[in-house]
Amino acid sequence: MTPEQIAACTGARIDRAERCSEALHVAMALYFIDTVQRQAMFLANIGHETGGLHYLTEIWGPTEAQRGYEGRRDLGNTEPGDGKRFCGHGMLQNTGRYNHAAVRDRLRKRFPHMDVPDFEAEPDKLADPQWASLAAGDYIEMKNGNAMADLGDFDGYCDLINRGRKTAADGDSNGFADRLKLYKAALGALS
């Protein structure tokens, strides 16, 4: 897959696609994101979540939703300032102290030969293209996203990323229209 294809699949400028290209190739190979359907769904959602590979750290307003991160025990945000410190990082925007620590632990277990950073101590490290890509692949594996892609269920795939699980309603993922536009572009670029 060329940087031009990655740009088309994610809506990214070519310089951003080139910066993330190698990391995305590695992650897709390691997590068996290796068919047109799997790659198109993966890259379209990454494109949406990152604004075309522009934001590997969540843009902080703070919005009302972001203010709600503070003190959320379900995210592991138990210390003052955790809401902002553990805002979304990575290509699929891992949010919360708990999720930063969990992805660190899963990556360390899967890749013991790699020097995986402590994303709980240094959450910004999760915005590095290498770790952002691996974390995205890890999430897709954890949520069984490849099986959803193999079924051709784009709505369900988006739900896994945006809602954490498949929902009954169609198109209810945040930004679904943009995700769908990118998915169609990705299918065209990869076919």
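Separating the CZ atom in Arg104 from the CD atom in Glu122 is a distance of 11.5 Å, to the nearest 0.5 Å. To the nearest 0.5 angstrom, Leu92 atom CG is 5.0 Å from Ile161 atom CD1. Residue His54 holds its NE2 atom at 9.0 Å from CZ of Arg19, rounded to the nearest 0.5 Å. In this structure, CD in Gln93 is found 9.5 Å from NE2 in His48, a value given to the nearest 0.5 Å. Between atom CG of residue Asn94 and atom CG of residue Leu75 there is a gap of 11.0 Å, rounded to the nearest 0.5 Å. How far CD1 of Ile33 is from NE2 of His25: 12.5 Å, rounded to the nearest 0.5 Å.
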Practice item. Take Arg165 and Asp159, measure what side-chain contact (heavy atoms from CB on, under 4.5 Å) needs, and give me the verdict at the end. Key: CA-CA 6 Å; Arg165 61 179 171 71; Asp159 286 346; over 6 Å; no
**Study point:** Pair Thr50-Thr10, side-chain contact (heavy atoms from CB on, under 4.5 Å): steps then yes or no
**Key:** CA-CA 9 Å; Thr50 63; Thr10 60; 5.8 Å; no
Check your understanding: Can you list the steps and then say if Met91 with Ser133 is a side-chain contact (heavy atoms from CB on, under 4.5 Å)?
Key -> CA-CA 6 Å; Met91 292 186 179; Ser133 297; 3.3 Å; yes
Point to revise | Trace of the side-chain contact (heavy atoms from CB on, under 4.5 Å) decision for Asp172 with Asn162 | key: CA-CA 9 Å; Asp172 63 335; Asn162 186 243; over 6 Å; no
Review point. Are Gln37 and Tyr183 close enough, and set up right, to give a side chain to side chain donor-acceptor pair (under 3.5 Å), and what steps lead you there?
Key: CA-CA 9 Å; Gln37 278 286 10; Tyr183 174 58; 2.5 Å; yes
Practice item. Walk me through it: do Gln66 and Glu58 pass the test side chain to side chain donor-acceptor pair (under 3.5 Å)? Key: CA-CA 10 Å; Gln66 289 169 327; Glu58 182 177 358; 2.9 Å; yes
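Using a 4.0 Å cut-off between a side-chain N of Lys or Arg and a carboxylate O of Asp or Glu, Glu49 and Arg179 qualify as a salt bridge. Under a 4.0 Å N-O distance rule, the pair Asp178/Lys181 qualifies as a salt bridge. With respect to Arg38 and Asp150, a salt bridge is recorded, a charged nitrogen being found less than 4.0 Å from a carboxylate O.
The heavy-atom pair separating Phe42 from Leu24 by the smallest distance is CE2-CD2, 4.0 Å. Nearest heavy-atom pair across Asp118 and Arg108 is N-NH2, 3.5 Å. Listed here is the closest heavy atom pair of Cys9 and Ala189: SG-CB, 4.1 Å. Contact record, Thr78 with Arg73: CG2-NH1, 3.2 Å, taken as the closest heavy-atom pair. For the pair Gln39 and Asp34, the tightest heavy-atom approach, listed with the atom from each and the gap, is NE2-CA, 3.9 Å. The shortest non-hydrogen separation linking Ala121 to Arg85 is O-NH2, 2.7 Å.
Side-chain contact between Leu53 and Ile6 is present, with at least one heavy-atom pair separated by less than 4.5 Å. Side chains of Pro129 and Glu22 form no contact here, defined as non-hydrogen atoms less than 4.5 Å apart. The closest side-chain heavy-atom distance from Ile14 to Pro3 is below 4.5 Å. Put simply, the side chain of Asp124 does not reach to within 4.5 Å of the side chain of Phe119, judged on heavy atoms. In this structure, the side chains of Leu190 and Gln5 come closer than 4.5 Å at one or more pairs of heavy atoms. Counting only heavy atoms from C-beta outward, the side chains of Asn45 and Cys158 approach each other to under 4.5 Å. In this structure, Cys87 and Thr95 have side chains that are not in contact, with every pair of non-hydrogen atoms separated by 4.5 Å or more. By the 4.5 Å heavy-atom criterion applied to side chains, Asp82 and Glu79 are counted as neighbours.
Note on Ile59: it does not cluster hydrophobically with Leu56, by side-chain heavy-atom contacts below 4.5 Å among ILVMFWY residues. Note: the hydrophobic cluster containing Met1 does not contain Leu182 (ILVMFWY, side chain heavy atoms under 4.5 Å, direct or indirect links). Criterion: ILVMFWY side-chain heavy atoms under 4.5 Å apart, direct or through other members. Under it, Ile140 and Leu151 are not part of a common hydrophobic cluster. Linking ILVMFWY side-chain heavy atoms closer than 4.5 Å, directly or via other members, places Leu107 and Phe32 in two distinct hydrophobic clusters. Note: the hydrophobic cluster containing Leu134 also contains Met142 (ILVMFWY, side chain heavy atoms under 4.5 Å, direct or indirect links).
Residue pairs that meet the ring pair (Phe, Tyr, Trp, His ring centres under 6.0 Å) test with at least one member in residues 55-89, sequence neighbours left out, are Phe86-His100, His89-His100.
Distance alone, capped at 3.5 Å, is enough to place a donor-acceptor pair between the Asp155 side chain and the Gly171 backbone. A distance-only check finds no donor-acceptor pair linking the side chain of Glu120 to the backbone of Arg97 [under 3.5 Å].
A cation-pi contact, defined as under 6.0 Å to the ring centre and within 45° of the axis, is absent between Arg106 and Phe111.
In this structure, Lys166 places its NZ atom where more than 12 heavy-atom neighbours from other residues, nucleotides or ligands lie under 6.0 Å away.
Cluster partners of Tyr98: none. The rule joins Ile, Leu, Val, Met, Phe, Trp and Tyr whenever side-chain heavy atoms lie under 4.5 Å apart, and it links nothing here.
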